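Since the structure comes first, as structure tokens, the remarks are kept for the end.
Only heavy atoms go into these numbers, but all of them, side chains included; no hydrogens, no water, no symmetry mates. Throughout, residue positions are numbered sequentially from 1 according to the sequence presented. All values derive from a computational prediction rather than experimental measurement.
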Amino acid sequence: PYKVHLENLIDDEKYRDELSFFSIDAEAGTVKAAHRPELVPILSRILYAKVVQRKVMGAKGALAHRRATVLAFFAGLEDGEFAELMSVVLRPFRSVGLPPGENMEDDEAARGGAGRPNVQGGVVCG
């Protein structure tokens, strides 16, 4: 039911309008509670890509405006959903400090983990 919304968020020309009308805030009711566990990880990846994108066509302050708009959208995440966003944000650092030839996915798989950081109350825990 959110296909059109997701496509509009991907489109560089439509994403701002879509962010205005499509809210993940629980009180807005745009996204049903039953759909959030599957939808929020997808949204996190799509929108974080907008935040880290380095080149934006348009006005001089367009990149800063894009980042501010997307970060404001993330304010609608519920406490437990920030873990997914933090997983996306911290992914490049997952293998820092591991011996050469090892990666965190192998380590997590060996321990039976899902490969995501343990985030509680917005703080990344061991």
| query | Looking only at heavy atoms, what is the nearest atom pair of Lys50 and Val70, with distance? | reply | CB-CG2, 4.0 Å
| request: Not counting sequence neighbours, which residues clear side chain to side chain contact (heavy atoms under 4.5 Å, CB included) with Val52? List them please. | output: Tyr48
Side-chain donor-acceptor pairs under 3.5 Å in residues 24-35, sequence neighbours left out?
| from | atom 1 | to | atom 2 | distance (Å) |
| --- | --- | --- | --- | --- |
| Asp25 | OD1 | Glu27 | N | 3.3 |
| His35 | ND1 | Tyr2 | OH | 2.7 |

| field | Distance-minimising heavy-atom pair for Leu77 and Arg36 | value | CA-NH2, 4.3 Å
| query | Roughly how far, to the nearest 0.5 Å, is CG of Asp12 from CZ of Arg66? | reply | 4.5 Å
| message | If I take atom CD1 from residue Ile10 and atom CD from residue Glu18, how far apart are they, to the nearest 0.5 angstrom? | response | 11.0 Å
| said: Within this structure, what is the CD1-CD distance for the pair Ile46 and Glu7, rounded to the nearest 0.5 Å? | reply: 9.5 Å
| task | For the pair Ser44 (side chain) and Val40 (backbone), establish whether a donor and an acceptor sit closer than 3.5 Å, ignoring hydrogens and angles. | result | yes
| query | Can you tell me how far the CD1 atom of Ile42 sits from the CG atom of Leu47, to the nearest 0.5 Å? | reply | 11.5 Å
| note | Residue pairs passing the ring-ring contact (aromatic ring centres under 6.0 Å, His included) test with at least one member in residues 9-29, sequence neighbours excluded, are His5-Phe22
| How many angstroms lie between CG in Leu39 and CG in Leu6, if you round to the nearest 0.5 Å? | 6.0 Å
| note | To the nearest 0.5 Å, atom NE2 of His65 lies from atom CZ of Arg16 at 6.5 Å
